[in-house]
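Everything quoted here is computed from the prediction, not taken from an experiment.
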Protein chains: 2
Amino acid sequence: MQMSQKVESFVYHFGEMGSKWGFNRTVGQIYALLVVSDKALHANEIGEALNVSRGNVSMGIKELQSWQLINVSHIPKDRKEYYSPKGTIWDMANRVFEERRKREVDPTLSLLRDLQLDSPADESEAYAQEKMREIHDLLETITHWSAELQRLDPDKLTTLMKLGAGVSKILSIKDQFKRPKADAPSE
Amino acid sequence: MQMSQKVESFVYHFGEMGSKWGFNRTVGQIYALLVVSDKALHANEIGEALNVSRGNVSMGIKELQSWQLINVSHIPKDRKEYYSPKGTIWDMANRVFEERRKREVDPTLSLLRDLQLDSPADESEAYAQEKMREIHDLLETITHWSAELQRLDPDKLTTLMKLGAGVSKILSIKDQFKRPKADAPSE
DNA sequence: ATGAAGTTTCAGAAATTACTGAAAGTTTAG
DNA sequence: CTAAACTTTCAGTAATTTCTGAAACTTCAT
């Protein structure tokens with residue numbers, strides 16, 4: 001399989017990006033290639049297009065499956081497995097966030113909680129624990145927030161995003177509703 | 001310098017995390033160590049605490065400076081440079097997002113825009129371009145959104161985050177305000 | 001059961017990334 | 001200007017990660 005000029009630069013670029021986003025170059029390239037292909041591809045086509053060994057393609061596919069990013073399909077009378085991206089681009093972004101949360105943030109939160117458990121031996125340890133608590137709280141807030149956002153349907157999300165900084169205005173509207181007799185004159 | 005048990009596990013863990021967040025293990029460890037230290041540290045202390053060469057500490061410091069994550073200070077009559085983390089934990093998170101946006105997202109957006117420029121040669125190229133446009137739009141939306149969020153002060157942000165999925169309710173309130181004579185009955 | 005058509009595994013090789021430590025560079029006090 | 005006290009650089013080495021390709025495995029048609 002031959003990639004067009006455009007597809008080629010896209011695929012190579014995403015290989016590099018992928019390596020900063022939690023998977024290696026080849027995995028990034030395979031995913032990028034699948035995304036821009038209008039039909040599902042089998043392993044040999046992929047390997048040929050990317051100049052990569054059959055074994056490497058197999059490992060890449062496996063990795064993408066562990067991220068739940070691809071679908072496997074079959075064509076009647078053909079024994080090969082055909083791969084295509086699962087869901088929309090938005091789904092992909094969500095999956096990657098979600099998966100990284102599980103793999104990176106959750107273990108960190110759990111470590112930080114453990115380290116909070118026993119009381120500090122001295123002043124400098126108290127300081128360290130305080131900082132760890134701050135990090136814990138930050139991670140937890142971000143985690144909750146992104147989980148909530150993922151529940152919104154893409155349209156609402158887009159509306160919300162377009163709103164941007166306007167959200168702070170909305171917040172005050174909300175305050176008026178919830179507490180019509182607002183008691184915070186300075187804000 | 002000797003790290004306490006707790007600080008040690010924190011620092012090592014953040015070394016590993018750091019390597020998934022855009023800098024290498026040592027850089028992550030140095031930053032973690034500085035965050036939990038109640039006083040600024042000089043390069044030798046850092047190297048000794050982390051069991052790492054003087055040269056490596058120097059490179060790590062340089063890297064952290066390029067991310068604008070640390071401050072340098074001096075003590076009268078002492079020629080050494082003392083390092084401490086710059087800003088709050090929130091500032092740190094913002095900086096890292098911001099810096100990665102500049103280094104990774106911006107070049108990607110620019111590539112994707114270029115690839116949109118000339119019209120597709122055939123049907124499959126048209127498909128590829130369409131997908132690239134979707135990715136472009138997604139990245140752009142996320143970029144704008146996070147830029148806006150960074151402008152909010154941390155308190156507002158926290159309120160907003162606590163709100164979570166409640167945002168969709170807020171959105172409808174906003175709709176009532178903006179278009180009291182709403183003409184979209186199906187939404 | 002057999003073998004053709006495919007996929008996966010994994011030991012070793014290649015490529016990449018990170019680290020060391022000695023030499024070069026910088027800054028300041030006298 | 002000199003030397004002491006630091007910091008930075010960078011060539012070579014070490015560690016880690018990724019990739020290859022041959023062998024093992026699986027599945028299915030006959």
Whole Å only: how far is the [atom1] atom of [X] from the [atom2] atom of [N]?
X: A:E45; N: C:dT7; atom1: CD; atom2: C1'; answer: 16 Å
X: B:N44; N: D:dC6; atom1: CG; atom2: C1'; answer: 9 Å
X: B:E16; N: D:dT16; atom1: CD; atom2: C1'; answer: 12 Å
X: A:H74; N: D:dA29; atom1: NE2; atom2: P; answer: 12 Å
X: B:I46; N: C:dC19; atom1: CD1; atom2: P; answer: 14 Å
X: B:I75; N: D:dA5; atom1: CD1; atom2: P; answer: 17 Å
X: A:E81; N: D:dT27; atom1: CD; atom2: P; answer: 10 Å
X: B:L50; N: C:dA18; atom1: CG; atom2: P; answer: 16 Å

Below 4.0 angstrom from OP1 or OP2 of [N], is there any side-chain N or O of [X]?
X: A:N24; N: D:dC19; result: yes
X: A:R25; N: D:dT18; result: no
X: B:K62; N: D:dT7; result: no

Quiz item: DNA chain C: A:S58 or B:K77, which has the more 5' nearest nucleotide?
Solution: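 Its nearest nucleotide being more 5', the pick is A:S58.
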Quiz item: Which residue, B:R54 or B:M59, contacts DNA chain D at a nucleotide closer to its 5' end, judged by nearest heavy atom?
Solution: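 That would be B:R54.
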Closest nucleotide among [options] to the [X] side chain:
X: A:T26; options: D:dC19, D:dC6, C:dA5; answer: D:dC19
X: A:R79; options: C:dA29, C:dA5, D:dC19; answer: C:dA5
X: B:N56; options: C:dT9, C:dG6, C:dC19; answer: C:dC19
X: A:Y83; options: C:dG6, D:dT20, C:dT7; answer: C:dT7

4.5 Å side-chain heavy-atom contact, [X] and [Y]:
X: B:T88; Y: B:D91; answer: yes
X: B:Y31; Y: B:M92; answer: yes
X: A:Q129; Y: A:L115; answer: no

Self-check item: Parallel, tilted or perpendicular: ring planes of A:W145 versus B:W145, cut at 30 and 60 degrees
Solution: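 Geometry flag for B:W145 against A:W145: parallel rings.
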Practice problem: Identify whether the distance between the nearest side-chain nitrogen and carboxylate oxygen of A:R95 and A:E98 falls below 4.0 Å. | Solution: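 The answer is no: the pair does not qualify as a salt bridge.
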